[in-house]
Amino acid sequence: MHPCSPGRGPGRPPRTATVVGSGPNGLAAALVLARSGVEVTVVEAASGAGGGLRSTTDSSGVLHDRCATTFPLAQPSPFLRLFGPSLTGRGLRFATAPLDAVHVLDNRRSAALHTSVAQTASGLPGRDGAVWKATFGPLAERAGTVTGEFLRPVVHLPRHPPVFVGFGVQAGLPATLSTRRFRSPEARALFTGVAAHAFTPLDMPASSAAGMMLTVAGHSAGWPVAVGGSQTVADALVRHLRALGGTVVTDTPVTDPGQVADADIVMLDTSPEAAAKILGDRLPGHVARTWRRFRRGPAVAVVNCVVEGGVPWSGHPAETAGQAVTVHLGGTAEQVAVAERECWSGRLPEHPFTLVGQPWLADPSRSVVRDGRALHPVWAYSHVPAGWEGTPRQTFDLVTEQIERAAPGFRDRVTAWTASPPSAVASHNPNNADGDIAGGASHLPQLVARPRLLHPYDTGVPGVYLCSSSTAPGGGVHFMCGMNAAERALRGPVSGRSAAHR
Ligand SMILES: Cc1cc2nc3c(=O)[nH]c(=O)nc-3n(C[C@H](O)[C@H](O)[C@H](O)COP(=O)(O)OP(=O)(O)OC[C@H]3O[C@@H](n4cnc5c(N)ncnc54)[C@H](O)[C@@H]3O)c2cc1C
């Protein structure tokens, strides 16, 4: 049946589905559909399944994640609560490092995020420990409820109103206001660095949302990596899909509705721009107009390095940064806020906010020893303006300069590297247009309407749904754009205006 004609008749359950794109959201959508008895085919443009879960081993035998590395939102996600046991049986395994994240302010000061709220609190100066505990402790105890309420479209009838309001009010604040509850530069920087994962100016309303969610989730299950690399997450999803009768076809970009014409349901794990191209003039005008207004966010400039002996963190922060799977660089809360605002406004900051991943601290199997030298994978990216046009060399220099400030001598330890400016990030995966890895900006309008208010997953074409991180609840590996979209698809093919148009 053609998905762009009125789909299956009322009452007839869907029998077949095509999922375009095999990122975590596409595969999650595929599993939810397959579990309901739908025969699913996943069609992927790249040569392997996984999208942002891609890992590769280099010629020295060191294993690198090319995109996502840490998964704070995966384990507390309703998707893994449902599929976790099956996926564990198919090779999914998470591991954490001694510390989840460390924010380096300068060579004297740092702040550490432990999985334990109490340990995090005890490392913060003065009364800030008690404030951290009071802010995150009660929510972390109900992390499953928080993720159940907020890893879905914001506009919904809450199942747990006290948690919804308690978390929602704090998440709705600008991060620069949230941090005023702390007195020390350390606590302020720690929360700011986590909030900066959203790529949103930190003085904007709701710029606390990512910080709240990643901190609360981290205090429940840590910031783990996947043992054996992020690709193992995709591999486990694909194995389970095959066990449920599904199929994955790679090396097949979908550009035309004719390629997905036979399915009762079509799920698009693509950007709205790509979805609009695939659907062509079948896309209703009001949806096309809303999607055209959808704003992309700032970009990343990424490096993957092989580092002999690991990162030589210096000064006082060395003690903590040397144990953390993720290190945030960018100075004080105020300095990070200025840099994030610059990126958003299209200017390259002097010292962009930079994340450094040291996944081998959680998963030593990624490193190798060659001629008595320990070689470790270090992954890092700096926030840069959308479409920043650096070369790979300039990307390497930009990102490693930020690391050198906290770890002098870092470059001397790099034995091999690759660097991806925004154009390369986009060319690996069309969903990362202009180097934006979050599926679109995550400022308040697009937290509420992502990419459309009330109908985040509907394309307006009966039977065809959007399920990528451009839909609610947004970027990061939590699988919930895919799961929510598939549940929407199973409820029926017709949405709001398109029903009226039939
Ligand atoms: C460098 C980098 C670092 C990151 N770090 C983290 C991290 O540490 N933790 C975290 O949680 N998240 C991280 N992310 C973000 C995370 O990877 C994404 O949020 C997540 O992968 C989004 O999943 P998705 O399924 O929506 O899309 P994607 O993972 O982007 O997958 C989309 C897939 O669809 C395919 N596709 C697109 N269009 C078509 C088409 N027309 N036809 C066929 N196939 C198509 C693409 O090839 C791709 O495989 C990172 C991303 C990048 C790039």
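Counting starts at 1 for both ligands and their atoms, following the listed order.
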Pairs of nitrogen or oxygen atoms closer than 3.5 Å, one from [X] and one from ligand 1: do any exist?
{"X": "Asp269", "value": "yes"}
{"X": "Pro430", "value": "no"}
{"X": "Gly52", "value": "yes"}
{"X": "Arg66", "value": "no"}
{"X": "His428", "value": "no"}
{"X": "Val477", "value": "yes"}
{"X": "Thr270", "value": "no"}
{"X": "Asn25", "value": "yes"}

Any heavy atom of [X] closer to ligand 1 than 4.0 angstrom?
{"X": "Pro24", "value": "yes"}
{"X": "Pro253", "value": "yes"}
{"X": "Gly439", "value": "no"}
{"X": "Thr69", "value": "yes"}
{"X": "Leu355", "value": "no"}

Item checked: Whether Trp379 and Tyr381 hold their rings parallel, tilted or perpendicular, with breakpoints at 30° and 60° -> perpendicular
Check: Parallel, tilted or perpendicular: which describes the rings of His197 and His328, with under 30° parallel and over 60° perpendicular?
Finding: perpendicular
For a quick test of reading the model, state the closest non-hydrogen atom pair linking [X] to [Y] and the distance between them.
{"X": "Thr395", "Y": "Ala301", "value": "CG2-CB, 3.7 Å"}
{"X": "Leu329", "Y": "Ala406", "value": "CD2-CB, 3.8 Å"}
{"X": "Ala49", "Y": "Thr250", "value": "N-CG2, 4.1 Å"}

Notebook entry, point to check: From His103 NE2 over to Thr320 OG1, what is the distance, rounded to the nearest 0.5 angstrom?
Noted result: 11.0 Å
Next item on the list: Report the distance from atom NE2 of His428 to atom CZ of Arg54, rounding to the nearest 0.5 Å.
Entry: 5.0 Å
With distance as the sole criterion, is a donor-acceptor pair present between the side chains of [X] and [Y] under 3.5 Å?
{"X": "Arg93", "Y": "Thr232", "value": "no"}
{"X": "Ser420", "Y": "Arg66", "value": "no"}
{"X": "Thr115", "Y": "Asp100", "value": "yes"}
{"X": "His376", "Y": "Gln358", "value": "no"}

Counting non-hydrogen protein atoms only, what is the nearest one to [atom]? Give residue, atom name and distance.
{"atom": "atom 32 (C) of ligand 1", "result": "Asn431 ND2, 3.3 Å"}
{"atom": "atom 30 (O) of ligand 1", "result": "Asn429 ND2, 2.7 Å"}
{"atom": "atom 31 (O) of ligand 1", "result": "Gly23 CA, 3.2 Å"}
{"atom": "atom 41 (N) of ligand 1", "result": "Val254 O, 2.9 Å"}
{"atom": "atom 9 (N) of ligand 1", "result": "Thr70 O, 2.7 Å"}
{"atom": "atom 45 (C) of ligand 1", "result": "Ala45 CB, 3.9 Å"}
{"atom": "atom 34 (O) of ligand 1", "result": "Gly21 CA, 3.2 Å"}
{"atom": "atom 2 (C) of ligand 1", "result": "Cys67 CA, 3.4 Å"}

Under 4.0 Å from any heavy atom of [X], which atoms of ligand 1 are there?
{"X": "Ala68", "result": "3 (C), 4 (C), 5 (N), 6 (C), 7 (C), 8 (O), 9 (N), 10 (C), 12 (N), 13 (C), 14 (N), 17 (O), 50 (C)"}
{"X": "Asn432", "result": "53 (C)"}
{"X": "Ile437", "result": "2 (C), 3 (C), 4 (C), 15 (C), 19 (O), 50 (C), 51 (C), 52 (C), 53 (C)"}
{"X": "Ser22", "result": "33 (C), 34 (O)"}
{"X": "Val20", "result": "40 (C), 42 (N), 43 (C)"}
{"X": "Gly51", "result": "29 (O), 31 (O), 48 (C), 49 (O)"}
{"X": "Trp379", "result": "3 (C), 5 (N)"}
{"X": "Ser468", "result": "26 (O)"}

Notebook entry, point to check: Considering only heavy atoms, does Val43 approach ligand 1 within less than 4.0 Å through its side chain, its backbone, both, or neither?
Noted result: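 The backbone, only.
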Next item on the list: Report yes or no: does Asp65 contribute a side-chain atom to a donor-acceptor pair with the main-chain N or O of Ser230 at less than 3.5 Å?
Entry: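 Side chain of Asp65 to backbone of Ser230: a pair is present.
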Non-hydrogen side-chain atoms of [X] and [Y] separated by less than 4.5 Å:
{"X": "His240", "Y": "Leu31", "answer": "yes"}
{"X": "Val32", "Y": "Leu490", "answer": "yes"}
{"X": "Gln402", "Y": "His351", "answer": "yes"}

Next item on the list: Begin from the C-alpha positions of Asn431 and Asp269 and carry the test side chain to side chain contact (heavy atoms under 4.5 Å, CB included) through to its verdict.
Entry: CA-CA 8 Å; Asn431 286 26; Asp269 184 14; 4.1 Å; yes
Notebook entry, point to check: Is Arg152 paired with Glu487 through a side-chain N to carboxylate O contact shorter than 4.0 Å?
Noted result: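 Result for this pair is no, no salt bridge flagged.
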